[in-house]
Every structure is written in structure tokens, then in C-alpha cells.
Amino acid sequence: MSKSEGNFLMLEGSATGLGPKKDGNMTWSADSVRFTLCDGGDGLDDANFDSKVANQAILRLTTEAEWIKEMVAAADGGELRAGELSFADRVLLNRVSACVAACDAQYAAMRFKLALKEGFYEMQKARNEYRDYHARAELPMHVDVVKRFVVAQVLMLAP
């Protein structure tokens, strides 16, 4: 972004969606702006706010919110497995714990791009592998493991 090129955005407008469109609706949500700013880079260089990343962030966050709603409904409906943890369950719990520790360390060091990598992208990768394994094995996911994942994911995205 460059002020001289006319694509400069003020933080005040960013917090409310980077300004209204012609129809009065906002372009991006505060969550997608926060996501994009974290992805924009750390250090002393100017962060690169990319509108494509902001649009993808909206899709990713919306997809994640829908999956969480589905899992809450599945847990309430008794569709998820309870009882003893399988090897795959323990693997996901271990990966979640590793991501939480790594994300916390990155936040503490104010390395937000790396915090986003650990707290979102690595978590999504671990969750997708867990979900795919259970789909192939035709075995329901474990209710406690899913709940642990959801709580950790939400806390790392909005610390």
C-alpha cells in the first residue's frame, strides 16, 4: 500500500471494515483485518496489507465458524464418540498442545505472523488430518478431543 498511489488505508477505517462500500456496507470484518495484519509481516518494515488475504481470511474464518457450529451440534446430539482415546486422538491432542505452546511463545515475542502460522495454519492442518483419518476409518471423532481443539483454536485467534 502506498499513500502516493491512493491505496492507503487508515487504521481507524480498518477497525470498522476498511471503510464503507458505495452501498454503505463494510468491506472486511475486524477479525479479517486482524488476521491480515498478522499475516502482513513482523519487524520494522511496513506490514503488507493484502486485500486478497483479507478476503481469504473471511472465507477461512467463516468456514471455521461453521465447522465449530457443526461440531457443537454433533456433540450435543451424541454423534461424537466418548470413552477411551485412540492413538489418533492422542496425536491430535499432542499437536494441539505443541501449537498452543509455540503460538504462545510467538505472541510473547510479538511475532504475530509466526503466531498466526502456529495458531491457525498448523492447527488447521492437524485438524484436517485428524478429520480425514476418522472419515477413512468411518469412526466418529472423540467429543473431548474436538472440544479441546475448538477451545484452543478460538483462544489462539483472539488472545
- Got a donor-acceptor contact below 3.5 angstrom from the N94 side chain to the V91 backbone? no

- For the pair R90 (side chain) and L85 (backbone), establish whether a donor and an acceptor sit closer than 3.5 Å, ignoring hydrogens and angles.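 The answer is yes, because a donor-acceptor pair under 3.5 Å joins these two groups.
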
Would you be so kind as to tabulate the donor-acceptor pairs closer than 3.5 Å made by side chains of residues 96-110, with sequence neighbours excluded?
residue: S97; atom: OG; partner: L93; partner atom: O; Å: 3.1
residue: Q106; atom: OE1; partner: R111; partner atom: NE; Å: 2.6
residue: Q106; atom: OE1; partner: R111; partner atom: NH2; Å: 3.3
residue: Y107; atom: OH; partner: M156; partner atom: O; Å: 2.7

Euclidean distance, [Y] [atom2] relative to [X] [atom1], rounded to 0.5 Å:
{"X": "H134", "Y": "L80", "atom1": "NE2", "atom2": "CG", "answer": "10.0 Å"}
{"X": "R131", "Y": "W67", "atom1": "CZ", "atom2": "CH2", "answer": "7.0 Å"}
{"X": "L92", "Y": "M123", "atom1": "CG", "atom2": "CE", "answer": "7.5 Å"}
{"X": "R127", "Y": "F120", "atom1": "CZ", "atom2": "CZ", "answer": "8.0 Å"}
{"X": "H142", "Y": "E84", "atom1": "NE2", "atom2": "CD", "answer": "8.5 Å"}
{"X": "L157", "Y": "E64", "atom1": "CG", "atom2": "CD", "answer": "7.5 Å"}

When you group the ILVMFWY residues by side-chain heavy-atom contacts below 4.5 Å and let the links chain together, are [Y] and [X] in the same group?
{"X": "V154", "Y": "V145", "result": "yes"}
{"X": "L139", "Y": "F149", "result": "no"}
{"X": "L61", "Y": "V150", "result": "no"}
{"X": "V53", "Y": "Y121", "result": "no"}
{"X": "L114", "Y": "L116", "result": "no"}

- Query: Excluding sequence neighbours, so at least two apart, what forms salt bridge (Lys or Arg N to Asp or Glu O under 4.0 Å) with E118?
  - Reply: none

- Item | Exercise: identify the closest heavy-atom pair between T62 and I58 |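 Looking at all heavy atoms of both residues, the shortest contact is OG1-O, 2.7 Å.
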
- Task: List the steps and the verdict of side-chain contact (heavy atoms from CB on, under 4.5 Å) for Q124 and R60.
- Result: CA-CA 10 Å; Q124 294 295 295; R60 286 184 175 119; over 6 Å; no

